[in-house]
Amino acid sequence: MNFGVRRILGVLTRSYTTMSTRPFALERQLGLSAVRRACALTSSVFNKLVKNETLTKGDKSPVTVGDYAAQALISIMLKNSFPADPIVGEEDAAELRAEEGKVLRDRIIDLANEALIAPLVEGDKAEWGIGPGQTKTTAELLDAIDRGNYDGGRTGRMWTIDPIDGTKGFLRGEQYAVCISLLVDAQVQLGIIGCPNLPVDASKPDGERGCIFVAVRGQGCQQIALSGSSETKLTMPTFTPSTLNFLESVEALHSSHSTTDTISSILGITRPPIRMDSQAKYGCLARGDGGLYLRMPTGVGYREKIWDHAPGSLLVEEAGGVVTDSRGQPLDFGLGRTLGENFGVVAAGKDVHAAVLDAVQQATGVKAKV
Ligand SMILES: Nc1ncnc2c1ncn2[C@@H]1O[C@H](COP(=O)(O)O)[C@@H](OP(=O)(O)O)[C@H]1O
Ligand SMILES: [Mg+2]
Ligand SMILES: [Mg+2]
Ligand SMILES: [Mg+2]
């Protein structure tokens with residue numbers, strides 16, 4: 001073959017390869033692998049959790065060895081492939097570095113290393129720092145947890161990690177989720193939520209449990225069973241007042257149940273709310289188990305955290321829904337570690353979102369911002 005023909009073939013092959021590689025393909029594949037490993041880790045922790053393996057944080061919320069170990073694992077995997085990307089992670093290692101933290105620290109290091117060296121499964125790559133022999137030192141794993149200390153911001157790439165979202169649900173043996181997202185210039189581009197205790201099919205509550213929800217902006221929302229690799233595309237169904245129902249927090253401290261009751265009456269909703277911990281609610285909304293997710297603040301002062309909403313909001317948008325705060329404003333992920341000025345969260349199908357915002361206004365007096 002002469003040089004000219006070879007050059008043309010080379011250019012054609014390169015442009016075909018570029019076209020066939022979807023945006024964020026590596027991030028999606030590696031993120032799925034990290035969330036799967038973290039789901040296996042947290043499930044095994046639940047089965048063996050002993051009482052003294054839970055701490056109470058400064059804000060009185062619980063954190064377990066599972067939260068720390070899962071954040072270490074995911075952070076190590078992200079650093080390996082995307083060393084320049086900063087991470088906004090929920091946990092930090094300050095308490096574990098203190099002398100009193102030694103027992104907990106040793107357990108966390110063992111758990112994280114066990115998860116790192118677990119055999120490779122379909123889709124995994126040894127170059128991601130996982131598989132037999134790939135253990136890390138205590139210092140490396142504590143540093144990995146602390147890589148989650150990034151302050152966030154409006155520009156560039158950054159990841160969020162909520163290693164166990166719904167820790168209270170996790171401790172009750174109910175719903176919880178391992179959640180990560182990738183943001184570019186404060187826009188969520190990738191969201192992945194692993195729900196080890198969630199039925200794969202809501203109509204079969206006693207059937208198989210454990211699923212992952214994943215969305216890349218512009219590429220739809222998919223569900224994958226934790227036991228397999230085949231993907232189901234999710235699209236939100238259309239609801240009417242008689243079929244509409246709420247998804248809301250189990251914890252009345254996290255979201256006002258009485259406000260949801262009032263909004264329910266205004267909208268003429270007759271079905272009872274589904275109460276569930278964690279961002280599993282966003283996944284359930286995306287697949288149509290409920291028609292609307294409402295989170296209304298219970299008091300002044302609490303600011304929602306970006307890791308509690310970034311992945312979930314993309315799932316719903318990619319399944320055809322709308323996510324705003326209670327004033328109709330988009331969630332602003334560019335203000336740091338919290339959602340700053342946003343007040344509450346309203347996530348629903350396109351057809352009902354405006355009516356829900358009206359009802360929220362009537363019930364609370366919150367005014368829509370124009
Ligand atoms: N007063 C409050 N109002 C709203 N959210 C709160 C809160 N206190 C804690 N949270 C957040 O609620 C999350 C759980 O949400 P849900 O109620 O939907 O399960 C917690 O995540 P973690 O469990 O990751 O800490 C925590 O970040
Ligand atoms: Mg927490
Ligand atoms: Mg959380
Ligand atoms: Mg958490």
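Whatever order the structure lists ligands and atoms in, that order sets their numbers, starting from 1. Only a predicted model underlies this, so the values are computations on that prediction, with no experimental measurement involved. The first residue in the sequence is number 1, and the count goes up from there. Values below: every heavy atom of this structure, side chains too, minus hydrogens, waters and symmetry copies.
Atom numbering of ligand 1 starts at 1 in the shown order; those under 4.0 Å from a heavy atom of D277 are 19 (O). For ligand 1 and D162, the ligand atoms under 4.0 Å from any heavy atom of the residue are 24 (O). Near S249, the atoms of ligand 1 lying under 4.0 angstrom from a non-hydrogen atom of the residue are 16 (P), 17 (O), 18 (O).
Criterion: ILVMFWY side-chain heavy atoms under 4.5 Å apart, direct or through other members. Under it, L226 and I74 are part of a common hydrophobic cluster. Cluster membership for F170 and M276, using ILVMFWY side-chain heavy atoms within less than 4.5 angstrom, is not shared. L285 and I212 fall into different hydrophobic clusters, defined by Ile, Leu, Val, Met, Phe, Trp and Tyr side-chain heavy atoms under 4.5 Å apart, directly or through other members. Residues Y282 and V88 are members of one and the same hydrophobic cluster, defined by side-chain heavy-atom contacts under 4.5 angstrom among Ile, Leu, Val, Met, Phe, Trp and Tyr. The hydrophobic cluster containing I306 does not contain I192, counting ILVMFWY residues as joined when their side-chain heavy atoms lie under 4.5 angstrom apart, directly or transitively.
Contact check on R28 versus E231 returns a salt bridge, with a Lys/Arg side-chain nitrogen under 4.0 Å from an Asp/Glu carboxylate oxygen. The pair K57-E90 counts as a salt bridge, with a side-chain nitrogen and a carboxylate oxygen less than 4.0 angstrom apart. Salt-bridge check for R157 with E27: passed, with a basic side-chain N closer than 4.0 Å to an acidic carboxylate O.
When only interatomic distances are considered, the shortest N/O to N/O separation between M276 and ligand 1 does not fall below 3.5 Å. Ligand 1 has no nitrogen or oxygen under 3.5 angstrom from a nitrogen or oxygen of Y293.
Looking at atom 20 (C) of ligand 1, its nearest protein heavy atom turns out to be D308 OD2, 4.0 Å. Given atom 1 (N) of ligand 1, the protein heavy atom at minimum distance is L253 O, 3.4 Å. Counting protein heavy atoms only, atom 25 (O) of ligand 1 is closest to E90 OE2, 3.1 Å. Scanning the protein for heavy atoms near atom 21 (O) of ligand 1, the closest one is D165 OD1, 3.2 Å.
In this structure the side chain of R97 reaches within 4.5 angstrom of the side chain of L142, judged on heavy atoms. A heavy-atom distance below 4.5 Å is not found between the side chains of V65 and R105.
D308 contributes OD1 as its N, O or S atom closest to the Mg ion (ligand 3). For E90, the N, O or S atom closest to the Mg ion (ligand 2) goes by the atom name OE2. Minimum-distance N/O/S atom of D165 relative to the Mg ion (ligand 3): OD1. Nearest N/O/S atom of D162 with respect to the Mg ion (ligand 3) is recorded as OD2.
Of the candidates C179, G312, G166, the one placing a heavy atom closest to atom 22 (P) of ligand 1 is G166. The nearest non-hydrogen atom to atom 14 (C) of ligand 1, considering only H254, K60, E248, K57, comes from H254. The closest heavy-atom contact to atom 12 (O) of ligand 1, among the options E91, K281, R295, M296, comes from R295. When the heavy-atom distances from atom 7 (C) of ligand 1 to Y282, W307, Y302 are ranked, the shortest goes to Y302.
At least one heavy atom of E304 lies less than 4.0 angstrom from ligand 1. Note on ligand 1: V250 sits outside its first shell, no heavy atom being nearer than 4.0 Å. By the 4.0 Å heavy-atom criterion, S278 is counted among the residues contacting ligand 1.
Checking side-chain atoms of Q71 against main-chain N and O of E91 turns up a donor-acceptor pair under 3.5 Å.
Annotation: cation-pi geometry not satisfied between R287 and F213 (NZ/CZ under 6.0 angstrom from ring centroid, within 45° of ring axis).
Centroid-to-centroid, the aromatic rings of Y293 and F246 stay 6.0 Å apart or farther.
Of the heavy atoms in D59, none comes closer than 4.0 Å to ligand 1.
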